[in-house]
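Letters A, B, ... are given to chains in the order of the sequence lines, protein chains preceding strands, and every chain is numbered from 1. The shown structure was predicted, so the numbers you read here are calculated from the model rather than taken from an experiment.
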Amino acid sequence: MTKGAIKTKTIKVNYLARVEGEGALLVRLRGKDVEDVQLKIFEPPRFFEAFLRGRSVLETPDITARICGICPVAYQMSAVYAVEQGLNVIVPPPIHDLRRLLYCGEWIESHALHVFMLHAPDFLGYPDAVAMAKDHAQRVEHGLAIKKAGNAIVALVGGREIHPINVKVGGFYRLPSRRELNQLKDQLSAALELAVASTLWVSGFDFPEFDRSLVLVALRSTDEYPMARGRIASNHGFDLPVTEFEEFFEEIHVPYTNALHSVVKTEKGGGSYLTGPLARYAISRQWLHGRAGELALSLNLGSVVTNPFKSIVVRAIEIVHALEEAIRIIQLYEDTAIASVEVKLRAGQGSAATEAPRGLLYHRYKFDAGGIIYDAKIVPPTSQNQKSIEGDLRSLLPRFSDLPKAQMTHLCEQAIRNHDPCISCATHFLKLDFESVANDAIGHL
Amino acid sequence: MSILLIGMGNMFRGDDGAGLVFARRLLSRFNAEEHIDLEFEIRESDGSAFSLIELWRGWERVMVVDALIDASRPPGQILSINGLREDFPWDPLSVSTHAFGLIEAIKLSRVLGMLPKELQVLAIVAESFAMGDGLSPSVDQAIDMAVCQWPKPVFQTFQ
């Protein structure tokens, strides 16, 4: 290398494990300056929005559930609420509560998978959950028990654990009996105790010193921690009805990735934003249930968690909350509820956003008088979070540019996992190319 | 003695559904005939490690049927592999696109002491994992023959 040249490096990680989907990341550094960060999603486009054209709005919960094996309930919920909004169908509170219970099940199983199996090994220095289990078997068993409790809810209310089949526009095909729900209570109560202990466990991890000022976007409800109702709000002043989502946010094509990037429109301030647990916590932490709220206070999380690495703590608190909420709903459930309300088809347009485990999920459908869809739009959380993930890496790397390459690479992967990206949703495995470019006066790489 | 048979895979990715089809056809045959000596419980799994661990937790004898990618073998060939062997052929069985699949389920169960005493893996050599349902003819016929001759083994022991 020529004397006095700026040292640049391109670090490549060809396969990022422990995320959902297939993709890659390229990072190019010049000295301490980040020249380029590209979160590349090379999983082919899946064309679900096109599949929906020509199909009945009544089919949306079953078609869209197939987008993801981890968060099918989120797709079902956004679909049914969007169609119901467009058809002016109002579901009675007991059905809304049961849907919320089903959503709790998905939050619990999805978060437990991420916290215990995908993310915790990062903080404890293990390559994966199997290696971690050799030293932390009991913790892993707790994770399995918590996840199983979530699965039990989805299996009962949703009809089966994977790709539930019991959700319909207007309600459910079949309601669980009070007796069936009561049978879950002991399992959920035991999982709650494990979740509280697990939150304390993850809060004791060593977190890299790193803070970000992020535009955080989530649903805000007037009376509950957001899942399926509310306005879209942010910590930077946005407060809009879901029907105005497309006036504030737009999806842009980026050449290096098959997933669109959702950003705030230029005329509305522009730029990236983050959805998911950190956003929900910042906007609605006052609605966390008793033990979840107490944990947030006792752990001094503050009003906004600015260190993305601490997302694992917030995710653990959301497990506690979801278990408390599930128990609450089951205690109040009455057998007399009707399974569904009548749905009359008509021409129109409907939209809805709900809170998938990893962030805001927006659906919008336009349909004719027979309820046949001619235009559909689905904006998954990972599309919305991609640009913020890249921003995290841009901010993080200059501070850790002196780390050995292997450590820096691991830090990048860990930082990506902070946001539990689901690439299956955004278009399925993430392949990470973290390049450290060595560029001297001659200019070779 | 009871045996748990788990068919696993994805019906919408071509031959990846081979394990599920095997389990369903075997169940149909068991329901149609009552001559089977061994008592089987047949279940299905999407193939995630957690689903598998929960399914086989507490069982002493387990058989898992899954699809296999192995270009050196003819499609439809069925291999029997001892799932408990330390030199389990991990790579040839890496057919799952899930981050946690059968291999992780075995490894994690071993660490957690949750492995059954006997674990047999029937691996059906696949031809295609293309999008869409339906098996390739060679895999389809091989499953039919195996189910028809059950419990006579029609598979080769993996070497």
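Side chains of B:Glu54 and A:Lys147 form no contact here, defined as non-hydrogen atoms less than 4.5 Å apart. B:Phe50 has its side chain out of reach of A:Glu109: every pair of non-hydrogen atoms, C-beta onward, lies at least 4.5 Å apart. By the 4.5 Å heavy-atom criterion applied to side chains, A:Leu144 and B:Leu112 are counted as neighbours.
Annotation for A:Gln138: atom CD does not count as buried by contact number, only 12 or fewer foreign heavy atoms lying within 6.0 Å. The 12-atom threshold is exceeded at CZ of B:Arg24, counting heavy atoms of other residues, nucleotides or ligands nearer than 6.0 Å.
To the nearest 0.5 Å, atom CG of residue B:Asp46 and atom CZ of residue A:Arg160 are 10.5 Å apart.
Using a 4.5 Å cut-off between heavy atoms, A:Lys134 touches chain B through backbone and side chain atoms alike. For chain B, the nearby parts of A:Val130 are the backbone and the side chain; heavy atoms of each come within less than 4.5 Å.
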